[in-house]
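Single-structure report; data block below.
Every chain is numbered from 1 and lettered A, B, ... according to where its sequence line falls, protein lines coming before strand lines.
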There are 2 protein chains.
Amino acid sequence: MDYAIGEASRLTGIKVPTIRYYEGIGLLAAPARTEGRQRRYRVEDVARLNFIRHARDLGFEMADIAELLALSEGPDQSCKKVDEITRRHLSEVDRRIAQLTALRRELVRMVDECSHGRVGDCRVIETLSGETA
Amino acid sequence: MDYAIGEASRLTGIKVPTIRYYEGIGLLAAPARTEGRQRRYRVEDVARLNFIRHARDLGFEMADIAELLALSEGPDQSCKKVDEITRRHLSEVDRRIAQLTALRRELVRMVDECSHGRVGDCRVIETLSGETA
DNA sequence: CGTACAACCTCTAGCGACTGGAGGTTCAAG
DNA sequence: CTTGAACCTCCAGTCGCTAGAGGTTGTACG
Ligand SMILES: [Zn+2]
Ligand SMILES: [Zn+2]
Ligand SMILES: [Zn+2]
Ligand SMILES: [Zn+2]
C-alpha cells in the first residue's frame, strides 16, 4: 500500500519536482524504491508532506519546518519550542505587515497627489527622484 | 566632477556590488571608466541610482523600475502609465497584506489554543498535521 | 504476451534581487 | 615612491522552488 510520487503529489498538493527537492535538501527521508528505482511513499511520508504543505502555507521557512517536524516526532516532550517557533514566526509576519502597510500609505499618497498631467509634473516621479525618501 | 563607485554607494545607500549588478542587468548604463578601468559616475547616474533606491524601498520590482525610469525620461508625455504602474503595484501590496493578515489570524489562533503541554497534545502541531488546512 | 504511452528517473539551469569571497590591479595620499 | 584602501572580474551561494532535456519504467489494454 504505497504511493508513486505523482499520487503523493495529488494527495498533498505539492508538485512532483518539489517533493524530490524536499528529499534533496533532507526535509523528507529518501523513500523505498521499486526495482526500476522509482520512489514509493508510505502513508506516513504523505502525512509528513501534508505537514510541510500546511506549514509552508502558513509562511514558515524550511528551517522552521525542519525543526517543527523534528519536534513533532517526540510527542512526550514539552511543546515550548514549538510555540516559540510559532510566536517568532508570528512576529516576523507582523513585521512584514507593518512594513507593507507603511509602503502602502506612501504609495496611496503618491497616486493621490498626482494630477494626471505631464510626466515632468508627476508627483510619483517626483517622489521617486527626491533626495532622500 | 564624477564619483567612484564607493562614493556613489555612500551617496545612495546602494551597496557597491549591487550597483555593479544593476549595470549587469542593464538598469544602469555602463559608466565611463578611468584608464585603469575603474568606474566613474556622473551626477545624473547618482540621481538614477537614488531613483532606483526609492522605488526599491517602495517594493517596486526591477521590471517596474525599468519602465518608470524610461518614462521619467520623457517629461512631456502623459503620466498615465506611471500612475498605472503605481496603482498596479499598490494592488499587489494590498494583496500581500491581505494574505499575510489571513496567515496571521491563523497563527494567532494556533498559539492561543495551545495549552503548553506535551507536543502530542499541542494544537500547533495538530493544526499543521491536519488533513486539509 | 506485446506494445504504447503516461509517468517516472537524473541532471542541469533558471527565477529575483542581490550578497559574499578570492585573487589580482589601480588610485591617491603622504 | 611606497603603501594600502578601494577598485576590478569572475564565480558561487542565498531561498524555495520550477522547467526542460533526454532517457527509463510501470501498467493497462488488446
Ligand atoms: Zn518564520
Ligand atoms: Zn502622475
Ligand atoms: Zn509591483
Ligand atoms: Zn503547544
Using whole Å, report how far CZ of B/R37 lies from P of D/dC8. 10 Å
Checking the side chain of B/H116 only, and the main-chain atoms of A/K80 only, is there a donor and an acceptor separated by less than 3.5 Å? no
May I ask you to evaluate whether B/T34 reaches the phosphate of C/dC27, defined as a side-chain N or O under 4.0 Å from OP1 or OP2? yes
By nearest-heavy-atom nucleotide on DNA chain D, the more 5' of B/G6 and A/P17 is B/G6
Can you establish whether the number of heavy atoms outside B/R37 located under 6.0 Å from its atom CZ is more than 12? no
Rounding to an integer number of Å, can you tell me how far B/I19 CD1 sits from C/dC18 C1'? 13 Å
From CG of B/D57 over to P of C/dC18, roughly how many Å is that when rounded to an integer? 10 Å
NA contact type, B/R33, heavy-atom cut-off 4.0 Å: base, sugar-phosphate, or nothing? sugar-phosphate
As a test of reading the structure: which of D/dG26, D/dC7, D/dC8 is closest to the side chain of A/Q38, going by heavy atoms? D/dG26
I want to confirm an ordering. Mapping B/E35 and B/M62 to their closest nucleotides on DNA chain C, which one lands closer to the 5' end? B/M62
In Å, rounded to the nearest 0.5 Å, how long is the span from CD1 of B/I5 to CZ of B/R40? 10.0 Å
Do the charged groups of B/E44 and B/R48 touch, with an N to O distance under 4.0 Å? no
Check the distance between C/dG16's P and B/E61's CD and give it to me in whole angstrom. 10 Å
To the nearest angstrom, how far is B/D2 atom CG from D/dC7 atom C1'? 15 Å
Nearest to the side chain of A/T18, which nucleotide is it out of D/dC17, D/dG16, C/dT19? D/dC17
What nucleotide, of C/dC18, D/dA19, C/dC27, holds the atom closest to the side chain of A/K15? D/dA19
Whole-Å distance between D/dC7 C1' and B/Y3 OH? 19 Å
Counting only heavy atoms not in B/R88, do more than 12 sit closer than 6.0 Å to its CZ atom? yes
What contact category does A/R20 fall into here, base, sugar-phosphate, or nothing, at under 4.0 angstrom with non-hydrogen atoms? base
Out of D/dC7, C/dT10, C/dA17, which nucleotide sits closest to the side chain of A/R39? C/dT10
Atom CD1 of A/I14 and atom C1' of D/dC17 are separated, to the nearest Å, by 12 Å
Atom pair CD1/OG1 of A/I19 and A/T12 - distance to nearest 0.5 Å: 4.5 Å
Between P of C/dC18 and CD of B/E23, the distance in whole Å: 15 Å
Does B/Y22 make a side-chain N or O approach to OP1 or OP2 of C/dA17 shorter than 4.0 Å? no
Checking contacts here: which listed nucleotide (C/dC8, C/dT19, D/dC7) is nearest the side-chain heavy atoms of A/V16? C/dC8
Go through C/dC18, D/dT18, D/dC8 for me and flag the one nearest to the B/Y21 side chain. C/dC18
Which listed nucleotide (D/dG16, D/dC7, C/dC18) is nearest to the side chain of B/R56? C/dC18
